[in-house]
Amino acid sequence: MTGVSRQKQKLLTMKKLFETKTDEKHTITGNRLIEILGDYGIKAERKTIYDDIKTLCDSGMDIEITKDGHSNAYYLAQRLFQDEELYVLADAVASSRFLTQKKSKELLKKIQSLTSEHKAKDLRRMVYVSNRTKTFNEQIYYAINSIQEGIFSGLEIHFKYYEYTVEKRKQLRHGGEVYTVSPYSLVWENDNYYLVCYCEKHEKICRYRVDRMTQVTVTDIPRKELSEEEKTEVTNRQTIYGMYGGELMTLQLQFDNKLIDVVMDRFGEKTICHKNSDNTFYINEEVQVAPTFWGWLFQFGSQAKVLGPERAVEMAKDAISDIADCYK
């Protein structure tokens with residue numbers, strides 16, 4: 001019976017062999033396939049091997065034929081992900097501060113399983129994890145599951161929120177107070193996950209860092225129905241510039257010409273740029289005027305400037321003055 005069972009596994013075994021052992025630089029001949037299958041206790045003949053390869057191709061596998069000496073050789077040509085896509089995914093996982101080192105290594109191992117074992121070795125050499133700043137909160141994955149359940153089910157969630165003391169110790173905010181919120185979306189920003197929600201305590205739309213949340217539970221209470229104004233605020237809070245609130249305003253912003261790439265990255269290629277001088281241009285864009293926006297703009301020093309409206313110019317002056325006061 002064992003032999004019969006192994007024979008039934010032949011196609012699955014061959015599929016696995018093509019996925020793990022072959023790529024365009026590593027092929028396998030029919031005879032070698034027969035030998036490997038024999039090592040697994042699976043009998044195979046040349047004719048049945050060719051029929052099995054055809055069956056695998058008919059099932060959707062892109063198995064190409066090439067030559068190894070005078071013999072036909074085979075390899076899996078196309079996979080779900082291209083090599084460069086796997087490199088991007090692997091580096092994103094390794095770079096993410098949101099993921100712990102343990103979870104990063106687990107995910108990288110799974111990503112490596114999406115290519116041949118030969119390329120998996122190259123993938124390991126391409127990506128480094130150990131020296132990158134990582135979170136230490138393993139509970140974050142359970143928190144995300146609970147948050148998503150609340151979002152998809154339209155239910156309120158409870159959680160406690162912690163912060164760090166100057167001694168780098170964790171402490172629950174407000175003495176361990178339980179937060180009750182209506183969750184609407186998760187936002188990935190600056191290597192962190194944020195929950196956009198309506199907070200009952202503050203009676204407004206807020207953002208909370210997911211890795212600072214603990215004891216997240218889903219209630220059986222329907223979440224708050226938002227007004228149109230609140231829906232707009234949820235959208236605003238889904239950007240880094242809306243993280244700390246602030247007024248939504250249309251600003252006229254001037255930049256040095258050499259910052260055009262930065263402007264395109266921030267506002268998109270549909271942004272209309274107007275020539276202001278031989279060395280500068282200006283744009284009119286709606287932004288959330290918040291501390292994060294000023295932080296972004298001021299990093300360019302004299303190469304970026306608010307032209308209007310006048311109230312926004314005064315806000316910029318006040319923000320700069322506040323910074324200057326720190327050094328008096």
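- Interatomic distance, Tyr87 OH to Lys119 NZ, rounded to the nearest 0.5 Å: 7.0 Å.
- Nearest heavy-atom pair across Phe255 and Leu259 is CD2-CD1, 4.1 Å.
- Atoms OG1 and CD, on Thr235 and Gln288 in that order, are 10.5 Å from each other to the nearest 0.5 Å.
- A heavy-atom distance below 4.5 Å is found between the side chains of Leu251 and Phe293.
- Put simply, the side chain of Ile205 reaches to within 4.5 Å of the side chain of Val196, judged on heavy atoms.
- Residues meeting the ring pair (Phe, Tyr, Trp, His ring centres under 6.0 Å) test with Tyr193, sequence neighbours left out: Phe98, Trp188.
- Atoms NZ and OG1, on Lys170 and Thr214 in that order, are 8.0 Å from each other to the nearest 0.5 Å.
- Hydrophobic clustering of Ile, Leu, Val, Met, Phe, Trp and Tyr side chains at less than 4.5 Å, counting indirect connections, unites Ile320 with Val287.
- Side-chain atoms of Met14 and Ile49, non-hydrogen and from C-beta on, do get closer than 4.5 Å to each other.
- By the 4.5 Å heavy-atom criterion applied to side chains, Ile260 and Met264 are counted as neighbours.
- Under the ring pair (Phe, Tyr, Trp, His ring centres under 6.0 Å) criterion, Tyr208 pairs with Phe159, Tyr161, Tyr179, not counting sequence neighbours.
- A 6.0 Å sphere centred on CD of Glu45 holds no more than 12 heavy atoms belonging to other residues, nucleotides or ligands.
- The OG atom of Ser113 sits 11.0 Å away from atom CG of Leu108, with the distance rounded to the nearest 0.5 Å.
- With contacts defined as side-chain heavy-atom distances shorter than 4.5 Å, the pair Thr22/Leu17 does not qualify.
- Residue pairs meeting the salt bridge (charged side-chain N to carboxylate O under 4.0 Å, His left out) criterion with at least one partner in residues 267-284, sequence neighbours excluded, are Lys275-Asp278.
- Ser321 places no side-chain N or O within donor-acceptor distance of the main-chain N or O of Asp318, the cut-off being under 3.5 Å.
- Within the 4.5 Å cutoff, side-chain heavy atoms of Lys160 are placed close to those of Val178.
- Looking at residues two or more places apart in sequence or on another chain, you find no salt bridge (Lys or Arg N to Asp or Glu O under 4.0 Å) involving Arg46.
- Within a 6.0 Å radius of CD in Glu225, other residues, nucleotides and ligands contribute 12 heavy atoms or fewer.
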Quiz prompt | Test side-chain contact (heavy atoms from CB on, under 4.5 Å) applied to Lys103 and Ile140, step by step | solution = CA-CA 11 Å; Lys103 180 57 68 173; Ile140 194 168; over 6 Å; no
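- Hydrophobic clustering (side-chain heavy atoms under 4.5 Å, transitive across Ile, Leu, Val, Met, Phe, Trp, Tyr) keeps Leu12 apart from Leu56.
- Applying the ring pair (Phe, Tyr, Trp, His ring centres under 6.0 Å) test to His158 and every residue at least two apart in sequence or in another chain returns nothing.
- Applying the salt bridge (charged side-chain N to carboxylate O under 4.0 Å, His left out) test to residues at least two apart or on different chains, none of the pairs has a partner in residues 60-82.
- A 4.5 Å side-chain heavy-atom check between Arg223 and Leu155 finds every atom pair outside the cut-off.
- Summarising the geometry of Thr55 relative to Leu11, their closest heavy-atom pair is CG2-CD1, 4.1 Å, with the distance given to 0.1 Å.
- Counting only residues at least two apart or on different chains, the salt bridge (charged side-chain N to carboxylate O under 4.0 Å, His left out) pairs with a member in residues 319-328 are Asp325-Lys328.
- Using a 4.0 Å cut-off between charged nitrogen and carboxylate oxygen, Lys258 and Asp256 do not count as a salt-bridge pair.
- Residues passing the side-chain hydrogen bond (donor to acceptor under 3.5 Å, both in side chains) test with Glu85, sequence neighbours excluded: none.
- Rounding to the nearest 0.5 angstrom, the gap separating the NZ atom in Lys15 from the CD1 atom in Ile53 is 15.0 Å.
- By the 4.0 Å N-to-carboxylate-O rule, Lys109 lies too far from Glu106 to be salt-bridged with it.
- Taking CG of Leu114 as the reference point, atom CG of Leu86 lies at 6.0 Å (rounded to 0.5 Å).
- With hydrogens and angles ignored, the 3.5 Å screen pairs a side-chain donor or acceptor of Ser104 with a backbone N or O of Val93.
- Closest approach of Pro183 to Gly150, counting heavy atoms only: CG-C, 3.8 Å.
- By the side-chain hydrogen bond (donor to acceptor under 3.5 Å, both in side chains) test, Thr29 pairs with no residue at all, sequence neighbours left out.
- In the hydrophobic clustering of ILVMFWY residues, with side-chain heavy atoms under 4.5 Å counting as a link, Val263 and Tyr282 come out apart.
- Nearest heavy-atom pair across Ala73 and Thr27 is CB-OG1, 3.5 Å.
- Contact detail for Leu76 and Phe18: the closest heavy-atom pair is CB-O, 3.7 Å.
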Distance-only criterion, 3.5 Å: show the donor-acceptor pairs between side-chain atoms of residues 298-316 and protein atoms not counting sequence neighbours.
from	atom 1	to	atom 2	distance (Å)
Gln299	NE2	Trp296	O	2.9
Arg311	NH1	Glu247	OE1	3.1
Arg311	NH2	Glu247	OE1	3.1
Arg311	NH2	Glu247	OE2	2.6

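- With sequence neighbours left out, His274 forms a side-chain hydrogen bond (donor to acceptor under 3.5 Å, both in side chains) with no residue at all.
- Side-chain N or O atoms of Thr48 include none that pairs as donor or acceptor with a backbone N or O of Ala44 at under 3.5 Å.
- Residues Ile36 and Ile42 share a hydrophobic cluster, clusters being chains of Ile/Leu/Val/Met/Phe/Trp/Tyr side chains in contact below 4.5 Å.
- One N or O on the side chain of Thr219 and one on the backbone of Glu156 form a donor-acceptor pair closer than 3.5 Å.
- By the salt bridge (Lys or Arg N to Asp or Glu O under 4.0 Å) test, Asp265 is found to be paired with no residue, residues two or more places apart in sequence or in another chain being considered.
- Considering every non-hydrogen atom in both Cys57 and Ile63, the closest pair reads SG-CB, 3.7 Å.
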Self-check item: Verdict with supporting geometry, Val234 and Glu230, side-chain contact (heavy atoms from CB on, under 4.5 Å)
Solution: CA-CA 6 Å; Val234 166; Glu230 288 168 335; 5.7 Å; no
Quiz item: Please walk me through it: do Arg266 and Glu285 pass salt bridge (Lys or Arg N to Asp or Glu O under 4.0 Å)?
Solution: CA-CA 11 Å; Arg266 167 62 184 90; Glu285 283 291 332; over 6 Å; no
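- Both Ile34 and Ile28 are assigned to one and the same hydrophobic cluster, defined by single-linkage of ILVMFWY side chains at heavy-atom distances under 4.5 Å.
- Side-chain contact check for Arg32 versus Lys21: every heavy-atom pair is 4.5 Å or farther apart.
- With respect to Glu163 and Arg209, no salt bridge is recorded, no charged nitrogen being found less than 4.0 Å from a carboxylate O.
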